[in-house]
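What you see is a predicted model, and the numbers here were worked out from it, not measured in a lab.
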Amino acid sequence: MDLSIHNVSKCYGKFTALNGVTAALQPGVIGLLGPNGAGKSTLLRILATVSLPIFRLAAWLWPVELWSRLAAKEYASRTEELVLGAARTLRHQLPATWLAGLLLALVISSGAIARLALAQNWPQLGACLIGCLFVPSLAVALGTATRSDKPFQVLYVIMWYAGPGDGVHFLDFMGAHEYTLQAGMPLYFLALTPMLLLLAGYARRRQAYGGS
């Protein structure tokens, strides 16, 4: 079976990895040669449908309102005294809230997780799972600390657009771009995740025990 590609281009932010690549490939052994950074891996990922297209990235945008209300809904509905006054609030309510956000992230990315696992693309699979951990942690931390859903909504949309969407490497929390994986940026977000959870727990403890 012949494979033809025409005018294939790929940009990561302002960096152009592929620019108008056209080729006709026939059955047999084919070599793809070029220096580092020439776009070989990018081209192969596109041909193997491993690269994340923008419509799949957009799946991470629509639940922003649900995530933002994870730890802020009791303040919006003015039931914080009831929630914070309940027994074992810190031990059960906050972890359950975070787990709900994690489950939502896993559900919306389940297609990408399965596809990356089948392709044995372990680095990007790991980065995607890190994104699933990071996003609800950020939502719970900001919602608890600020008692509002707005800070997360604003910050997350900016991060999503600039990072996974536009390729700003230090904001790419899910490793959507190859050069962010090579730089190990998802690991920084993995390290940030428990810090956010500690912040959420500290803020909730202060609120539950009469702090401001």
Side-chain angles (χ1 to χ4, degrees), residues 57-110 112-113 125-176 180-181 183-212:
L57 291 176
W60 285 71
L61 189 59
W62 71 262
V64 61
E65 185 173 355
L66 297 176
W67 278 320
S68 69
R69 293 178 58 83
L70 284 175
K73 57 184 180 297
E74 54 264 29
Y75 304 109
S77 59
R78 298 183 179 181
T79 59
E80 65 270 22
E81 292 185 3
L82 178 62
V83 173
L84 297 178
R88 300 180 180 179
T89 294
L90 288 173
R91 185 175 299 178
H92 297 294
Q93 192 265 346
L94 195 61
T97 297
W98 178 79
L99 285 172
L102 173 61
L103 180 60
L104 176 59
L106 290 172
V107 168
I108 65 171
S109 58
S110 58
I113 290 173
L125 175 59
C128 183
L129 293 175
I130 288 173
C132 291
L133 293 170
F134 171 75
V135 172
S137 302
L138 180 65
V140 168
L142 288 179
T144 304
T146 66
R147 307 187 184 191
S148 172
D149 55 1
K150 301 304 180 187
F152 174 78
Q153 291 177 5
V154 173
L155 180 60
Y156 178 75
V157 170
I158 292 174
M159 290 184 64
W160 176 89
Y161 178 80
D166 204 38
V168 177
H169 70 283
F170 60 87
L171 293 177
D172 187 1
F173 56 86
M174 57 181 295
T180 62
L181 288 175
M185 289 309 301
L187 296 178
Y188 291 96
F189 289 97
L190 179 61
L192 184 59
T193 294
M195 300 180 189
L196 291 169
L197 294 176
L198 288 174
L199 172 62
Y202 174 75
R204 183 53 58 91
R205 179 176 289 274
R206 284 180 57 87
Q207 295 160 10
Y209 294 105
S212 57

Query - Euclidean distance, M174 CE relative to L181 CG, rounded to 0.5 Å - result: 10.0 Å
Report task. Give the C-alpha distance, both sets of side-chain angles, the deciding distance and a yes or no for side chain to side chain contact (heavy atoms under 4.5 Å, CB included) between M185 and D172. Result -> CA-CA 7 Å; M185 289 309 301; D172 187 1; 5.7 Å; no
Query - side chain to side chain contact (heavy atoms under 4.5 Å, CB included) assessment of L129 paired with L106 - result: CA-CA 8 Å; L129 293 175; L106 290 172; 4.1 Å; yes
**Report entry** Minimum side-chain heavy-atom gap W160-V64 below 4.5 Å
**Finding:** no
**Report entry** Exercise: identify the closest heavy-atom pair between T144 and A200
**Finding:** CG2-O, 3.4 Å
Query raised in the report: Does some side-chain heavy atom of W60 sit less than 4.5 Å from a side-chain heavy atom of C128?
Result: yes
Query - All side-chain contact (heavy atoms from CB on, under 4.5 Å) counterparts of Y161, not counting sequence neighbours - result: none
Requested in this report: Would you name the heavy atoms of V140 and W98 that are closest together and state the gap between them?
Outcome: CG2-CA, 4.0 Å
Report summary line: Here the pair of heavy atoms bringing P136 nearest to G131 is CD-O, 4.4 Å
Query - Set of residues satisfying side-chain contact (heavy atoms from CB on, under 4.5 Å) with respect to L138, sequence neighbours excluded - result: F134, L142, F152, L155, M159, L196
Report task. Can you measure from CG (L99) to CG (L94) and round to the nearest 0.5 angstrom? Result -> 10.0 Å
Query raised in the report: CH2 of W67 to CH2 of W62: how many Å apart, nearest 0.5 Å?
Result: 8.0 Å
**Report entry** T180 side chain reached by F173 side chain, heavy atoms, under 4.5 Å
**Finding:** no
**Report entry** Closest contact, heavy atoms only, L70 versus A139
**Finding:** CD1-CB, 4.2 Å
Query raised in the report: Closest approach of P63 and L104, non-hydrogen atoms and distance?
Result: CB-CD2, 3.7 Å
Report task. With rounding to the nearest 0.5 Å, note down the distance linking OG1 in T193 to CG in L102. Result -> 10.0 Å
**Report entry** Rounded distance (nearest 0.5 Å) linking atom CG of L197 with atom CG of L192
**Finding:** 9.5 Å
Query - From OG (S137) to CD1 (I130), nearest 0.5 Å - result: 11.5 Å
Query - Heavy-atom pair with the smallest gap, counting every atom of S109 and C132 - result: OG-SG, 3.2 Å
